[in-house]
Colleague: 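Let me give you the structure first, and then I'll get to my questions.
Side chains are part of it too, since the values below use all heavy atoms of this structure and drop only hydrogens, waters and symmetry mates. Since the structure is predicted, the reported quantities are computational estimates derived from the model, not experimental observations. Order of the sequence lines sets the chain letters (A, B, ...), proteins ahead of strands, with each chain counted from 1.
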Number of protein chains: 2
Amino acid sequence: MDERKQRILQAIVQDYIESAEPVGSRTIARRHDLGVSPATIRNEMADLEMLGYLEHIHTSSGRIPSSKGYRFYVDDLLPSKPLEEEEKALIDKWYMERVRRIDEVFQETARIISHVTKNVSLVLAPQMTQAAFRCLQFLPLDERRAIAVIMTDAGFIENKIVPIPDGAAFEDFQRMALVINGCLAGHTLDAISPAVMKTIREEIGDESLFEAAQEVIHRSLDTGKRERLYLGGTSEILSQPEFHDVEKVKEILLMFEEEQLLKDILHAHLGEGLKVTIGKENEVRGMQECSLMTATYHLDGELLGTIAVLGPTRMEYGKAMTLLNYMNGHLADVVKKFRW
Amino acid sequence: MDERKQRILQAIVQDYIESAEPVGSRTIARRHDLGVSPATIRNEMADLEMLGYLEHIHTSSGRIPSSKGYRFYVDDLLPSKPLEEEEKALIDKWYMERVRRIDEVFQETARIISHVTKNVSLVLAPQMTQAAFRCLQFLPLDERRAIAVIMTDAGFIENKIVPIPDGAAFEDFQRMALVINGCLAGHTLDAISPAVMKTIREEIGDESLFEAAQEVIHRSLDTGKRERLYLGGTSEILSQPEFHDVEKVKEILLMFEEEQLLKDILHAHLGEGLKVTIGKENEVRGMQECSLMTATYHLDGELLGTIAVLGPTRMEYGKAMTLLNYMNGHLADVVKKFRW
DNA sequence: TGTTAGCACTCTTTCCAGTTGAGTGCTAAA
DNA sequence: TTTAGCACTCAACTGGAAAGAGTGCTAACA
């Protein structure tokens with residue numbers, strides 16, 4: 001793979017991303033100053049096809065990049081350009097204007113990403129399991145019920161109604177809260193071991209009270225695992241010529257409805273930094289003609305969540321990468337602002 | 001509009017709903033036992049077109065119903081049939097299997113409606129403004145902050161972090177909670193008047209404390225107004241031949257992204273019972289080739305929210321109406337089960 | 001007088017053949 | 001090694017012909 005081949009591949013990928021039409025040797029020669037004639041380019045293209053970087057619909061059509069071609073382009077040929085200052089300012093402005101509560105941060109992030117990249121965006125919001133348990137408190141509701149309020153370090157508060165077992169009083173619950181807080185404070189929720197639970201059981205003593213406690217803790221774990229997913233710009237993707245076929249649109253919309261599937265996909269990329277999965281590299285049916293770019297964002301070293309761009313393989317990788325890299329670092333600042 | 005015309009109109013609408021093709025006199029004569037020849041039907045069709053119930057694409061095409069035609073069909077010709085017992089059982093099963101928390105009730109309702117009708121469903125979940133304020137409590141968070149927990153009769157609990165003003169202590173907040181609970185208990189949130197606020201101000205005495213209280217109350221009002229909207233089956237609509245054109249799909253998907261617009265539309269129908277808005281009767285651009293069927297559900301006489309079916313004008317009105325009527329009565333029961 | 005059969009007419013859809021144009025692959029010359 | 005030239009391929013477009021569905025009108029019929 002000599003340098004000229006690389007330049008030609010780069011030219012083809014860029015032209016194809018722009019035009020969505022198979023590109024021919026003549027077009028490349030005219031639009032890019034490679035200093036060689038179309039015939040030479042044709043020879044190189046034949047080689048590139050042999051090597052698996054390009055594809056051919058039929059004998060007399062131009063070339064389009066294969067998944068392998070995009071992969072090489074993304075890994076080695078992508079011209080990097082930082083985000084414009086004014087774009088950064090605009091993004092800050094959007095956050096300022098439209099976000100009032102912490103969960104709106106993610107909604108707005110999804111909006112921004114889809115708006116800038118003209119593709120679908122996905123934002124997986126922090127899961128409580130990664131955040132440390134902070135404290136649990138009970139509030140009296142009526143004679144037979146109490147409200148459990150559970151807080152974590154990441155700024156999330158959950159609540160649940162618990163029935164007070166016969167023979168117990170609200171005061172027992174308050175005592176129980178002390179025990180639980182003593183044992184669990186600082187633990188991440190998925191680090192709560194059976195041994196710790198056993199200690200709690202012994203300290204509480206009463207079996208029916210412990211069952212209530214267990215339910216609360218179980219619930220907080222359960223809620224924690226329920227990561228939230230925000231989708232943006234599902235209609236943007238329809239502007240792309242590859243989605244002019246309604247059947248394909250349907251397939252992808254159907255995928256968007258399967259929230260758990262999307263969460264699992266994003267979850268699998270958690271902690272991997274910026275990663276691009278191109279075309280057939282995607283295992284999920286319905287995404288084989290798409291590329292997915294994911295990035296994980298952090299806050300003070302603690303894993304927070306995943307942001308992603310989903311578009312046709314012919315997406316503007318450079319732009320998407322630039323934006324995700326920026327949001328990656330920026331999102332932590334925004335979250336901090338809307339934290340406690 | 002004699003009876004024969006009505007039967008012919010009914011036959012045309014039904015056939016068109018089924019086939020999505022303009023229907024001709026011969027088809028009607030063959031498929032429906034009207035006892036007259038195609039020629040007679042042609043004459044009647046010409047009359048119906050004159051009266052505005054039918055439309056004509058070009059000289060030699062069959063007829064399709066106009067908005068007026070659908071309107072007459074829905075109002076006067078719709079054959080009513082109750083939901084099958086087994087369908088009811090299936091719906092109950094779905095709720096049982098998939099719903100764990102109160103907000104999942106609405107998500108699942110949307111799923112069920114879209115699944116049964118093969119159209120898009122919209123569910124506007126209860127707004128707190130309609131629910132009565134139950135009580136407010138504070139929990140200590142640290143020296144300078146407290147957590148406010150607000151509960152309403154409808155089973156919703158919201159929380160918010162409030163800073164404790166300099167010079168005040170957590171105990172002042174507890175005193176404040178007593179005052180607020182005394183003044184607001186039983187009020188619906190939108191019935192909290194300036195006069196009541198003034199009383200609270202006087203009873204609290206301290207200005208900075210009152211400001212904190214005001215913020216909490218304002219926040220609970222604010223959250224209350226944020227009705228939640230659940231969408232289901234956006235991909236279903238693509239199976240309909242009228243959405244084979246990607247431009248139309250895009251237009252409607254774009255509408256789905258404007259959550260506030262959808263909320264406003266559903267909100268406008270709140271309290272009107274079962275209502276059908278057909279084709280051009282819809283004022284919103286992008287919905288002019290669709291019909292929207294809405295129904296409001298109640299719980300113990302208290303307004304809860306709106307459920308709706310959105311589909312092409314050629315939707316199966318009978319089925320949708322049957323289902324909405326059933327869900328209408330049924331949803332209250334389900335909500336009750338998942339309430340406190 | 002309402003109903004029906006017959007027929008001419010309209011318009012869409014489908015098919016086919018011919019043409020155009022973009023693009024390739026190969027060969028031979030520079 | 002590069003390039004010009006040329007034959008070849010294939011998709012996309014064009015125009016016309018034929019088929020088919022359906023209408024509207026007229027005249028006959030019960």
Colleague: List the residues meeting ring pair (Phe, Tyr, Trp, His ring centres under 6.0 Å) with A:Y326, not counting sequence neighbours, and say none if there are none.
Modeller: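 So A:Y326 forms a ring pair (Phe, Tyr, Trp, His ring centres under 6.0 Å) with A:H330.
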Colleague: Please name all residues satisfying ring pair (Phe, Tyr, Trp, His ring centres under 6.0 Å) with B:H115, sequence neighbours left out, ordered by chain then number.
Modeller: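 For B:H115 the ring pair (Phe, Tyr, Trp, His ring centres under 6.0 Å) partners, ignoring immediate neighbours, are B:W94.
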Colleague: Report the residues that fulfil ring pair (Phe, Tyr, Trp, His ring centres under 6.0 Å) with A:Y73, sequence neighbours left out, ordered by chain and then residue number.
Modeller: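 Ring pair (Phe, Tyr, Trp, His ring centres under 6.0 Å) list for A:Y73, sorted by chain: empty.
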Colleague: What pairs with A:S114 under side-chain hydrogen bond (donor to acceptor under 3.5 Å, both in side chains), at least two apart in sequence or on another chain?
Modeller: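 A:S114 satisfies side-chain hydrogen bond (donor to acceptor under 3.5 Å, both in side chains) with no residue once adjacent residues are dropped.
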Colleague: State the CE-OG1 distance between B:M327 and B:T322, to the nearest 0.5 angstrom.
Modeller: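 Between atom CE of B:M327 and atom OG1 of B:T322 there are 13.0 Å.
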Colleague: So, using ring pair (Phe, Tyr, Trp, His ring centres under 6.0 Å) as the criterion, who are the partners of A:F72 when residues are at least two apart?
Modeller: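 Here the qualifying residues are A:Y53.
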Colleague: First and last nucleotide of DNA chain C in contact with chain B, 5' to 3', at under 4.0 Å to a heavy atom: what are they?
Modeller: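 Span of nucleotides near chain B: C:dT3 to C:dT12.
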Colleague: Which atoms form the tightest heavy-atom contact between B:L310 and B:C290, and what is the distance?
Modeller: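 For B:L310 and B:C290, the tightest heavy-atom pair comes out as CD1-CB, 3.9 Å.
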Colleague: Do any of residues 47-70 of chain B sit with a heavy atom less than 4.0 Å from DNA chain D, and if so which?
Modeller: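 Output list: B:H56, B:T59, B:S60, B:S61, B:G62, B:R63.
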Colleague: What residues, two or more places apart in sequence or in another chain, satisfy side-chain hydrogen bond (donor to acceptor under 3.5 Å, both in side chains) together with A:N43?
Modeller: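 Here no residue qualifies.
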Colleague: Which pairs, protein N/O on one side and nucleotides 13-16 of chain D N/O on the other, fall under 3.5 Å?
Modeller:
none

Colleague: What pairs meet the side-chain hydrogen bond (donor to acceptor under 3.5 Å, both in side chains) rule with one or both residues in residues 8-20 of chain B, with sequence neighbours excluded?
Modeller: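 Qualifying pairs: B:D15-B:H32.
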Colleague: With a 4.0 Å cut-off on N to O distance, would you call A:E251 and A:K248 a salt bridge?
Modeller: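 No, A:E251 and A:K248 are not salt-bridged.
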Colleague: For DNA chain D, determine which residues of residues 20-43 of chain B have any heavy atom closer than 4.0 angstrom to one of its atoms, and list them numerically.
Modeller: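 Those residues whose heavy atoms fall under 4.0 Å from DNA chain D, taken from residues 20-43 of chain B in numerical order, are B:G24, B:S25, B:T27, B:R42.
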Colleague: Please walk me through it: do B:E272 and B:T296 pass side chain to side chain donor-acceptor pair (under 3.5 Å)?
Modeller: CA-CA 7 Å; B:E272 291 189 6; B:T296 312; over 6 Å; no
Colleague: With sequence neighbours left out, what residues match B:H56 under side chain to side chain contact (heavy atoms under 4.5 Å, CB included)?
Modeller: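 With sequence neighbours excluded, B:H56 shows a side chain to side chain contact (heavy atoms under 4.5 Å, CB included) to B:E49, B:S61, B:R63, given in chain and number order.
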